[in-house]
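A quick note: this is a predicted structure, and the numbers were derived from the prediction, not measured. Quick note: residue numbers are just sequence positions, from 1. One-based numbering, in listed order, for ligands and for the atoms of each.
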Amino acid sequence: MTAHSLTRRPFLGLMLLAPFAARAADGLAAILAPDAEVRTLYSDGEWCEGPVWVPSLSSLVFSDVRRNRMMRIPDGGTPVVFRDPSENANGNTIDGQGRLITCQHRTGRVVRQESNGSFTVLAERYRGGRLNSPNDAIVAGDGAVWFTDPTYGITQAAEGAPRPSEQAGSFVYRLAPDGTLAAVATDFHQPNGLAFSPDGRILYVAESGGAPDGSMPRTIRALDVAGGNLSNGRVFARLESGVPDGLKTDTDGRLYSGTGEGVRVWSPDGTLLGRIPTEGPCANIAFGGPDGRRLYICAGPKVLAVETRVRGAGIPG
Ligand code: MG
């Protein structure tokens, strides 16, 4: 069954009003209970991205990129402002010490907030030029911070602060634990979300520069990781419409991506399992909650959540 058919059955008028996770369940039975319900936690955003579960706060933190602020939703609680302004922050992640790492469009920086509240700039320049607008970041088992640097925050005023790019392209970077910054993949057109397989040996990267006419790739690529280097790049999944954005894996190695039509899920061998539809484009996703089994979904102005039968890979707790 194709993902497309999951919501295109007869009598869909009423079905669309039902808990829509259940509608997507055929290929996702191992992930979602038949009565799984997608709840709306927040609906007052402009463009929500970068969800991350922060164990020390028992909260989801996310970026409202275009509103230039970050929000926090305590587990079972009410959303509150977390950072305002946020420097048009986008992707967030947590390092091995529980510190929040944030990609900032407006400053072109990747920053880390220390336990005393101060900020450390982790990355800002490469080979003498400012980074474009770091989009998303993840932390490897060795403590290296991997991040993508497309141009959205310097080409779109709503996303940051327009200025010329000072880089030769939009690269994937690895910031080694010793502070050395290296461009580890330079052949992407707008690299965006990224995620490791549970064993850390595969890096998945979403390529979001796809053109409507299909002339540019709408793919998720997989690359082998060894010693901080990448090799054997290959297409893991190809989207027929929309573009992939944020990526996450669960402990069984399935890959999840925010896409133009909701959350798509693939098995580790690249088989499309299904889709959790959203009303509009879904940018980013994150596993979290006290047991790491809740899937948070940022979809335009909304942040959604659904309890799953799986657990996110690399979720502290
Ligand atoms: Mg992104």
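Glu114 has a carboxylate O that lies under 4.0 Å from a charged side-chain N of Arg99, or vice versa, which qualifies the two as a salt bridge. Salt bridge status for Asp142 with Arg174: present, with a side-chain N to carboxylate O gap under 4.0 Å. Using a 4.0 Å cut-off between charged side-chain N and carboxylate O, Glu279 and Lys302 make a salt bridge.
Side-chain contact, Thr102 with Gln113: no donor N or O sits under 3.5 Å from an acceptor N or O.
Near-neighbour remark for the Mg ion (ligand 1): protein N, O or S atoms under 2.8 Å are Asn135 OD1, Asn192 OD1, Asp245 OD1; waters not counted.
Taking the six-membered ring where tryptophan is involved, the planes of Tyr173 and Phe147 are essentially parallel, since the angle between them stays under 30° and well short of 60°.
The distance between the ring centers of Phe62 and Tyr296 does not fall below 6.0 angstrom.
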